[in-house]
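Note sheet for the following structure.
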Amino acid sequence: MIRHRRAVGHRLRRERGSGSVLAVAVLGAIVLVSGAAVLGLGALAAQQGVQAAADAGALAAADTLSGRNAGYPCENAARAAALDQASITSCETDGLVAVVAASRGWSRFELSARARAGPPGTP
């Protein structure tokens with residue numbers, strides 16, 4: 001019986017601190033997953049910002065085509081997109097319809113979006 005107690009005590013001393021290693025591993029995994037989630041959500045927010053810039057640019061160009069705003073459609077689209085820190089990569093007009101593409105850099109990536117605006121019922 002005494003030998004058994006010594007063996008159990010020796011094994012417990014050998015495993016001392018293993019709970020700390022496990023806690024550090026779990027915390028490391030939590031930090032890694034949280035960091036990936038923050039980067040993913042940041043990319044999503046940046047993409048939504050570029051889409052908003054393309055939408056604003058298309059609306060500004062369509063308003064200019066309809067005569068509501070003065071100036072040139074693509075120049076107004078570029079000004080509207082610049083307010084969202086994006087640049088216009090293409091601007092096409094057909095009658096009263098404007099199609100605009102915008103882009104913006106985020107981290108090491110180039111994000112882009114397209115938008116179309118015109119009077120209701122136009123194809």
Side-chain angles (χ1 to χ4, degrees):
M1 189 67 102
I2 293 174
R3 283 183 151 171
H4 180 65
R5 285 187 190 170
R6 281 187 187 165
V8 170
H10 180 66
R11 187 175 43 181
L12 290 176
R13 272 187 252 121
R14 252 190 347 199
E15 294 179 5
R16 184 170 291 173
S18 62
S20 300
V21 172
L22 179 64
V24 168
V26 168
L27 285 174
I30 289 171
V31 167
L32 186 65
V33 169
S34 298
V38 165
L39 285 176
L41 291 174
L44 179 65
Q47 179 62 39
Q48 293 298 318
V50 173
Q51 185 63 55
D55 291 342
L59 288 170
D63 282 348
T64 305
L65 289 170
S66 71
R68 182 172 185 163
N69 292 338
Y72 297 101
C74 293
E75 287 179 10
N76 288 344
R79 275 191 229 113
L83 294 174
D84 285 321
Q85 299 171 347
S87 60
I88 297 297
T89 56
S90 75
C91 177
E92 301 168 6
T93 60
D94 182 20
L96 296 177
V97 176
V99 178
V100 172
S103 68
R104 177 173 73 183
W106 181 80
S107 187
R108 296 180 200 149
F109 304 102
E110 187 71 20
L111 303 174
S112 62
R114 290 179 59 88
R116 178 185 170 283
T122 55

Under 3.5 Å, sequence neighbours excluded: what are the donor-acceptor pairs made by side chains of residues 35-50?
from: Q47; atom 1: NE2; to: S112; atom 2: O; distance (Å): 3.1

Report task. Calculate, to the nearest 0.5 Å, the distance between atoms CG and CG belonging to D63 and L96 respectively. Result -> 11.0 Å

Requested in this report: Please check if atom CD in Q85 has more than 12 non-hydrogen atoms from other residues, nucleotides or ligands closer than 6.0 Å.
Outcome: no

Donor-acceptor pairs under 3.5 Å, side chain of residues 52-61 to any protein atom, not counting sequence neighbours: which ones?
from: D55; atom 1: OD1; to: Q51; atom 2: NE2; distance (Å): 3.1

Report summary line: Correct closest heavy-atom pair for T89 and A102 would be OG1-N, 4.1 Å

**Report entry** Main-chain N/O of S90 paired with R114 side-chain donor or acceptor, under 3.5 Å
**Finding:** no

Query - Same cluster (ILVMFWY, side-chain, under 4.5 Å), L22 and I30 - result: yes

Going by atom type alone, with no hydrogens or angles, which donor-acceptor pairs under 3.5 Å involve a side-chain atom of residues 69-82 and a protein atom two or more places apart or on another chain?
from: N76; atom 1: OD1; to: R79; atom 2: NH1; distance (Å): 2.6
from: N76; atom 1: ND2; to: T64; atom 2: OG1; distance (Å): 2.6
from: N76; atom 1: ND2; to: A70; atom 2: O; distance (Å): 3.1

